[in-house]
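A short worksheet on the structure shown next.
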Amino acid sequence: MLFSSIIFLYLFLPLSLVAYLLNPKVTKNLLLLFASLLFYAWGNVSHCLILLGSIGLNYGIGLMMHRYRDQPWERGWLSIGISINLLVLIIFKYANFFIDNLNLLIEQVGGTTLEATTTKLPIGISFFTFQAISYLVDVYRRNAPVEKNSIDLALYIALFPQLVAGPIVRFRDINRQLKNRTHSLDLFSSGIERFLVGLGKKVLLANQFALVADQIFSSPVDTITLPIAWLGALLFTLQIYFDFSGYSDMAIGLGRMFGFQIPENFNFPYIAKSIRDFWRRWHISLSQWFRDYLYISLGGNRKGKAKTIRNLLIVFFLTGLWHGASWNFVIWGMLHGLFMLVERLGFGRWLKKAGPIIGHFYTLLIVIFTFTIFRLQEMDYLLDYLKTMAGLNEKPLNILTIGTYANTLFYALLLIGLLACTPLFKVINQYFLHQNRSTLTQNVYQLLISIGLIITLIWSTVELLMHTYQPFIYYQF
Amino acid sequence: MSKNKTISPIKSYLLPLLFIGVLSLHFIDDLFDISDNSTLQENRAMAKAPIFSFANLDVFPDSFNNFYGDYFKWRKPLIRTNSNFHYKLFKESAIPKKVIIGKNGWLFCNEDYLPFYLGKTLFTDEELQKVTTELERRASIVEANGGQYYLAAVPIKHSIYEDQLPDQYRRIGGQTATDQLYQHLRENTSIKLVDLHTGLKKIKAQSDVPLYYKTDNHWNHHGAWMAAHFLVERLREDFPNLNSLHDSTYRFSPKPSKGKSQAEWLMLQNQLTDANIHIGHTNKLRQIDTTRNYGSPPPHFFYANEYLIAKSVPDSNAPSLMMVRESFGTDVITHLSENFRSSLYIWDEWKHGLNQEIVEQEKPDIYVQFIAEFLLPRLSISR
């Protein structure tokens with residue numbers, strides 16, 4: 001089930017909220033867990049068993065680690081837990097990737113290739129696996145207590161607001177809230193606000209940019225001009241940001257509606273002045289996870305320059321691979337790792353001296369360029385497309401027209417999208433809510449915001465419905 | 001929350017009230033069936049209510065999603081409002097993937113049609129060869145049964161009324177797949193071709209009476225009559241004993257109408273109007289309906305009653321006709337049937353096969369493959 005779906009907005013969410021509010025405190029977590037499992041099963045009933053399996057495994061491992069606390073077997077159980085978690089992830093997400101690459105080698109030597117598996121990828125497996133691992137490691141490092149209440153641990157892993165697309169919530173950030181959380185009208189209202197902002201980002205911005213971007217990327221390269229190639233790359237850069245950050249906003253908003261404070265996941269990444277700065281702003285929960293559970297475990301930057309470089313490259317290799325089982329994701333990750341290294345080795349200091357404009361320009365160039373690699377999985381097409389972006393291809397004779405979707409409304413949304421990449425709306429919000437503003441100004445502003453958010457809900461509903469509206473010339477059964 | 005920021009109490013109360021209000025309003029409307037519940041003109045079967053079964057749990061969610069989406073209470077009013085909004089504010093289509101709004105209220109299908117017109121769906125050399133081989137096969141089978149095979153590519157509206165397309169969709173130079181195929185067939189084969197494009201464009205330039213509906217995909221009765229006329233004139237080059245269609249036997253009278261199918265998709269049938277071209281026959285039609293026993297229509301073919309139409313003109317010495325067609329052929333049937341001693345029209349669910357068994361039984365003097373031009377690639381399949 002998607003947050004941005006009619007059934008979620010008008011059936012699942014209202015029923016969940018009503019049931020949650022009517023339940024006494026003692027059964028709220030159980031109710032939420034049931035709703036979360038139903039939410040997950042709605043995507044694929046069979047995969048719910050994998051989620052339940054993960055919950056059972058990590059609950060058991062946690063208890064065993066606690067039983068062997070301060071003994072050598074505590075680390076042993078941690079290793080078993082991490083290994084099984086990763087094994088499940090590897091089997092479901094990367095098995096065919098490994099098989100395909102192994103087959104390339106086998107073909108070289110004339111051997112018999114292996115058959116790919118037919119297993120489907122369980123939704124959100126990358127997210128809930130990383131959450132589970134963070135629980136085990138936090139328990140081991142004494143950053144969080146072991147969770148003996150199976151319902152609470154199950155809820156931590158399966159909580160539907162952040163189950164399928166993050167943010168990756170660390171157990172230590174939420175364990176107290178599982179036991180005791182505050183519900184207030186302010187929090188509920190701010191949850192609705194955040195949820196609707198996210199919904200607008202996803203449905204009204206990301207989905208609209210995707211229409212034009214997909215049209216460009218599905219066209220033969222020899223119909224694409226240099227400006228159109230850059231437009232496609234820019235649109236995908238915007239699409240992925242609004243899609244991902246929109247979903248995170250919805251997750252944070254939903255969390256607040258149910259009393260949870262989920263950490264932020266994005267902080268205006270496209271105003272970053274360096275790649276290092278970018279990774280402090282983009283998918284914060286993932287970069288923090290890799291920092292805390294891999295980079296630091298490998299030694300971080302404490303074991304000399306060579307090991308720092310090694311550790312960084314490993315982290316970014318895995319960051320790329322985490323995003324998808326394909327070499328283009330790995331290349332994307334490694335390029336970011338490379339630029340991180342270059343900045344660490346001195347270029348970063350030069351960037352700071354060069355000033356913010358150069359820094360922004362450099363960062364955006366790298367980000368847009370690498371997101372193009374992220375998007376285009378077919379290598380031949382990717383290379384040709386990048387050549388077009390660099391102005392190295394001849395001007396096409398039969399030029400692609402993007403007019404079908406790039407209409408007036410699209411350009412208005414593009415302008416809004418570009419502005420929304422900056423803190424402009426946040427600054428406007430702070431201006432009108434400043435204590436120096438009169439109560440009337442604040443009230444009028446809040447009224448307009450509230451109405452605007454409800455318009456966002458209705459407009460998003462319209463866009464979701466338009467997706468289901470498929471008239472045909474001739475009757476279709 | 002920064003020190004300087006205060007949250008107005010209005011938002012804390014108003015936003016939840018509005019949010020819950022919208023969701024509750026929908027729930028109440030759904031429960032008590034308050035707002036308009038009629039369906040939209042989508043020409044498709046709406047999703048059925050799914051049956052819950054433990055044996056088949058995995059398919060239930062998707063089925064329920066489709067069902068809920070199709071019967072969402074506010075579906076029709078919101079889609080209608082959206083369509084009006086796009087049209088009134090931007091003069092644009094709310095479903096550009098399906099239909100685009102041209103100049104002067106002309107609507108054009110997108111999807112397969114626009115890319116075809118723009119020349120984006122040209123044949124590869126291999127495809128061209130496949131089509132050629134197949135057409136030659138068909139022609140030889142028809143000839144072996146005593147007939148002549150003709151290919152008539154029916155122009156889509158975009159090809160004739162391109163001046164009414166939005167400027168960004170005008171094709172500047174280049175060819176369509178029709179041009180490409182016709183040129184190839186002329187240069188490399190003896191396949192008999194019928195050119196409807198040239199004649200219809202000429203009539204369009206000379207007459208104010210439209211040949212196509214503004215708000216439907218098809219030609220109107222005037223366009224259909226003209227197409228039948230040009231087809232017959234081409235056939236008369238090889239069959240001089242065929243009579244021409246005489247426009248004196250028909251009277252065309254345009255009458256304003258509400259917008260048709262494409263306007264209905266946009267729910268703008270009152271704003272984007274059209275015209276029906278009524279035909280009055282000045283002479284009594286001689287044709288009569290006859291029957292054939294050539295099997296059943298394809299299963300689940302919605303237009304099954306048009307699968308096979310057979311006509312004849314008593315005491316006629318004119319040639320016989322067999323035509324494989326689709327919806328563009330519907331309005332030419334009456335005009336053509338007057339001129340052939342017997343005529344058979346097959347709508348084979350857009351497959352545009354030869355229908356060899358019927359050819360062998362019918363043994364028509366003239367066989368016309370009457371195919372909407374964007375469907376030409378289907379001729380590469382041997383059937």
Side-chain angles (χ1 to χ4, degrees), chain A residues 1 5-7 9-11 13-14 17 41-46 185-186 188-190 192-193 196 211 223 397-398 401 403-405 407-409 429-430 433-436 439 442-443 445-447 449-451 453-454 457-458 461-466 468-477, chain B residues 2 4-8 10-16 18-20 22-24 26-27 40-45 57-58 60-61 64-65 68-70 72 74-75 78-79 81-82 86 90 92 94-98 100 109-110 114 118-120 166 168-169 174 217 261 264-265 300 302-303 327:
Chain A
M1 200 185 296
S5 67
I6 295 293
I7 196 166
L9 292 172
Y10 290 90
L11 197 61
L13 180 60
L17 280 172
W42 204 260
N44 189 305
V45 178
S46 313
L185 195 56
D186 273 352
F188 187 67
S189 170
S190 98
I192 294 171
E193 179 177 5
L196 292 177
L211 281 176
T223 64
L397 294 168
N398 197 4
T401 48
T404 306
Y405 302 115
N407 52 19
T408 315
L409 188 58
N429 198 49
Q430 284 170 346
L433 295 180
H434 194 274
Q435 61 187 10
N436 288 344
T439 308
Q442 286 193 23
N443 285 346
Y445 175 73
Q446 291 287 23
L447 174 69
I449 289 293
S450 302
I451 292 170
L453 287 168
I454 294 303
L457 169 64
I458 294 169
T461 303
V462 170
E463 289 298 330
L464 293 172
L465 287 171
M466 292 310 292
T468 72
Y469 182 53
Q470 298 288 340
F472 292 93
I473 298 172
Y474 306 105
Y475 195 86
Q476 308 286 313
F477 284 96
Chain B
S2 76
N4 293 331
K5 185 178 168 179
T6 56
I7 296 178
S8 162
I10 276 191
K11 194 187 70 151
S12 297
Y13 294 104
L14 184 63
L15 188 55
L18 289 173
F19 183 68
I20 291 165
V22 168
L23 300 182
S24 307
H26 174 262
F27 181 74
L40 297 162
Q41 301 291 333
E42 287 180 81
N43 256 348
R44 66 174 176 93
L57 279 176
D58 273 339
F60 180 81
F64 191 90
N65 284 346
Y68 192 80
D70 273 358
F72 182 70
W74 291 343
R75 188 165 186 263
L78 285 178
I79 290 176
T81 305
N82 183 53
H86 274 267
F90 306 117
E92 284 168 354
I95 42 170
K97 202 173 166 185
K98 286 283 180 180
I100 54 176
C109 271
N110 194 346
L114 189 59
L118 290 171
K120 307 281 185 201
Q168 69 260 38
Y169 294 120
N217 209 32
S261 60
E264 284 171 354
W265 293 353
H300 306 303
F302 189 73
Y303 305 96
S327 54

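Sequence lines set the chain letters: A, B, ... in the order given, protein chains first and strands last, and positions in each chain run from 1.
In terms of non-hydrogen atom pairs under 4.5 Å with chain A, the most contact-rich of B/Asp70, B/Leu18, B/Val22 is B/Leu18. In terms of non-hydrogen atom pairs under 4.5 Å with chain B, the most contact-rich of A/Ser5, A/Pro14, A/Ser450 is A/Ser450. Chosen from B/Phe19, B/Phe64, B/Phe60, the residue pairing most often with chain A at heavy-atom distances under 4.5 Å is B/Phe19. No other option in A/Ile458, A/Leu9, A/Thr408, A/Leu17 has as many heavy-atom pairs under 4.5 Å with chain B as A/Thr408. Taking B/Ser261, B/Ser327, B/Gly69 one by one and counting their heavy-atom pairs under 4.5 Å with chain A, the maximum is reached by B/Ser327. Annotation: maximal heavy-atom pairing with chain B below 4.5 Å, among A/Leu196, A/Asn44, A/Ile192, occurs at A/Ile192.
To the nearest 0.5 Å, atom CD of residue A/Gln446 and atom OH of residue B/Tyr13 are 13.5 Å apart. Distance check, rounded to the nearest 0.5 Å: CG of A/Leu447 to CD1 of B/Ile10 gives 6.0 Å. Rounding to the nearest 0.5 angstrom, the gap separating the CG atom in B/Leu14 from the CD1 atom in A/Ile454 is 8.0 Å. The OG1 atom of A/Thr461 lies 11.5 Å from the CG atom of B/Asn82; values are rounded to the nearest 0.5 Å.
Residues B/Pro61 and A/Ala41 come closest through the heavy atom pair CG-O, 4.2 Å. Minimum heavy-atom separation, A/Leu409 to B/Glu92: N-OE1, 4.4 Å.
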Q: Show the numbers, then the answer: is there a side-chain contact (heavy atoms from CB on, under 4.5 Å) between A/Leu453 and B/Leu15?
A: CA-CA 8 Å; A/Leu453 287 168; B/Leu15 188 55; 3.7 Å; yes
**Q.** Audit row: A/Leu464, B/Phe72, side-chain contact (heavy atoms from CB on, under 4.5 Å) steps and yes/no
**A.** CA-CA 11 Å; A/Leu464 293 172; B/Phe72 182 70; over 6 Å; no
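With a 4.5 Å cut-off on non-hydrogen atoms, A/Ile7 touches chain B through its backbone and its side chain both. Both the backbone and the side chain of A/Tyr469 come within less than 4.5 Å of a heavy atom of chain B. Contact of A/Leu457 with chain B is made through the side chain alone, with heavy-atom distances under 4.5 Å. Using a 4.5 Å cut-off between heavy atoms, B/Asn217 contacts chain A through its side chain alone, with no backbone atom that close. For A/Leu11, the parts sitting under 4.5 Å from any heavy atom of chain B are the backbone and the side chain alike. Proximity to chain B (any heavy atom under 4.5 Å) is shown, for A/Ile6, by both the backbone and the side chain. Heavy atoms of B/Phe27 lying under 4.5 Å from chain A are absent altogether.
In this structure, B/Arg75 contributes its side chain and A/Thr468 its backbone to a donor-acceptor pair below 3.5 Å. In terms of modelled atom types and a separation under 3.5 Å, the side chain of A/Asp186 and the main chain of B/Ser12 share no donor-acceptor contact. The closest donor-acceptor contact from the side chain of B/Lys98 to the backbone of A/Pro471 lies under 3.5 Å.
Enclosure of atom CZ in B/Phe90 by more than 12 non-hydrogen atoms of other residues, nucleotides or ligands within 6.0 angstrom is indicated.
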